[in-house]
Amino acid sequence: MELIETQARFDEIIQSADPVIIKFFAGWCPDCRRFDMFSGQVMEAFSNYSWYEVNIDEIEGIAQKYEVMGIPSVLIFQNGEKLAHQHSAYTKTPEEVTEFLEQQLG
């Protein structure tokens, strides 16, 4: 999972013609560490998509811009638009994240 470190890079990535999956997280977040423990198996199941992560404390205002109220959150972007958003309350298990991705990406 590539770490996005600037707003410019984020803007470039979300312009993809193919859907991209971006995890919003913070270093101080215990639920984010729990997500990291199972994210590998989810990424493997959806390996035909590009995965990225963005630390909400590193890019000012990015969480507010994309209505990320809790972390970790998983967002899907394509052609510069946010297609889907799984809020933090529903990212507690690999099954929840997999179900969300299956519903959104097929």
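Counting only residues at least two apart or on different chains, the ring pair (Phe, Tyr, Trp, His ring centres under 6.0 Å) pairs with a member in residues 86-106 are His85-His87. Counting only residues at least two apart or on different chains, the salt bridge (Lys or Arg N to Asp or Glu O under 4.0 Å) pairs with a member in residues 29-51 are Lys23-Asp36, Asp31-Arg34, Asp31-Lys92. Listed by first then second residue, pairs satisfying salt bridge (Lys or Arg N to Asp or Glu O under 4.0 Å) with a partner in residues 59-72 read Glu67-Lys82, not counting sequence neighbours.
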Check: Which is it for Gln78 and Gln15 under the side-chain contact (heavy atoms from CB on, under 4.5 Å) test, yes or no, and what are the steps along the way?
Finding: CA-CA 6 Å; Gln78 185 176 18; Gln15 292 303 320; over 6 Å; no

Notebook entry, point to check: Do Met1 and Met43 pass the side-chain contact (heavy atoms from CB on, under 4.5 Å) test, and can you show the C-alpha distance, the side-chain angles, and the key distance before you say yes or no?
Noted result: CA-CA 9 Å; Met1 193 175 318; Met43 289 174 60; 3.3 Å; yes

Next item on the list: I would like to know whether Ser73 and Leu75 meet side-chain contact (heavy atoms from CB on, under 4.5 Å); could you show each step before the answer?
Entry: CA-CA 7 Å; Ser73 286; Leu75 285 70; 3.9 Å; yes

Margin query: Walk me through whether Thr98 and Thr93 qualify under side-chain contact (heavy atoms from CB on, under 4.5 Å).
Written below: CA-CA 9 Å; Thr98 298; Thr93 67; over 6 Å; no

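Summarising the geometry of Gln104 relative to Ala84, their closest heavy-atom pair is OE1-CB, 3.3 Å, with the distance given to 0.1 Å. Across every non-hydrogen atom of Thr91 and Phe35, the tightest pair is O-CD1, 3.9 Å. Of all heavy-atom pairs spanning Ala17 and Asn79, the tightest one is CA-OD1, 3.3 Å. When all heavy atoms of Trp28 and Pro30 are compared, the pair lying nearest together is O-CD, 3.3 Å.
Using a 3.5 Å distance cut-off with no hydrogens or angles, the side chains of Gln7 and Asp11 do pair a donor with an acceptor.
Taking 4.5 Å as the limit, every side-chain heavy atom of Val68 sits out of range of all side-chain heavy atoms of Ile62. Residues Glu5 and Glu58 fail the side-chain proximity criterion, which asks for heavy atoms closer than 4.5 Å. In this structure, the side chains of Ser50 and Asp18 stay at 4.5 Å or more apart for every pair of heavy atoms. Val74 has its side chain out of reach of Ile22: every pair of non-hydrogen atoms, C-beta onward, lies at least 4.5 Å apart.
When the side chains of ILVMFWY residues are joined at heavy-atom separations under 4.5 Å, either directly or via intervening members, Ile76 and Ile14 end up in two distinct hydrophobic clusters. By the rule that hydrophobic residues join a cluster once side-chain heavy atoms approach within less than 4.5 Å of another member, Leu101 and Leu83 end up as members of one cluster. Note on Ile71: it clusters hydrophobically with Ile59, by side-chain heavy-atom contacts below 4.5 Å among ILVMFWY residues.
Separation of atoms CD1 (Ile56) and SG (Cys32) is listed at 7.5 Å; rounding is to 0.5 Å. The structure places CD of Glu12 at 9.5 Å from CD1 of Ile4, a figure rounded to the nearest 0.5 Å.
In this view, Tyr66 and Phe10, Phe77 satisfy the ring-ring contact (aromatic ring centres under 6.0 Å, His included) rule, not counting sequence neighbours. With sequence neighbours left out, the ring-ring contact (aromatic ring centres under 6.0 Å, His included) criterion links Tyr49 to no other residue.
Applying the under-4.5 Å side-chain rule to Ile, Leu, Val, Met, Phe, Trp and Tyr, the cluster around Phe25 extends to Leu3.
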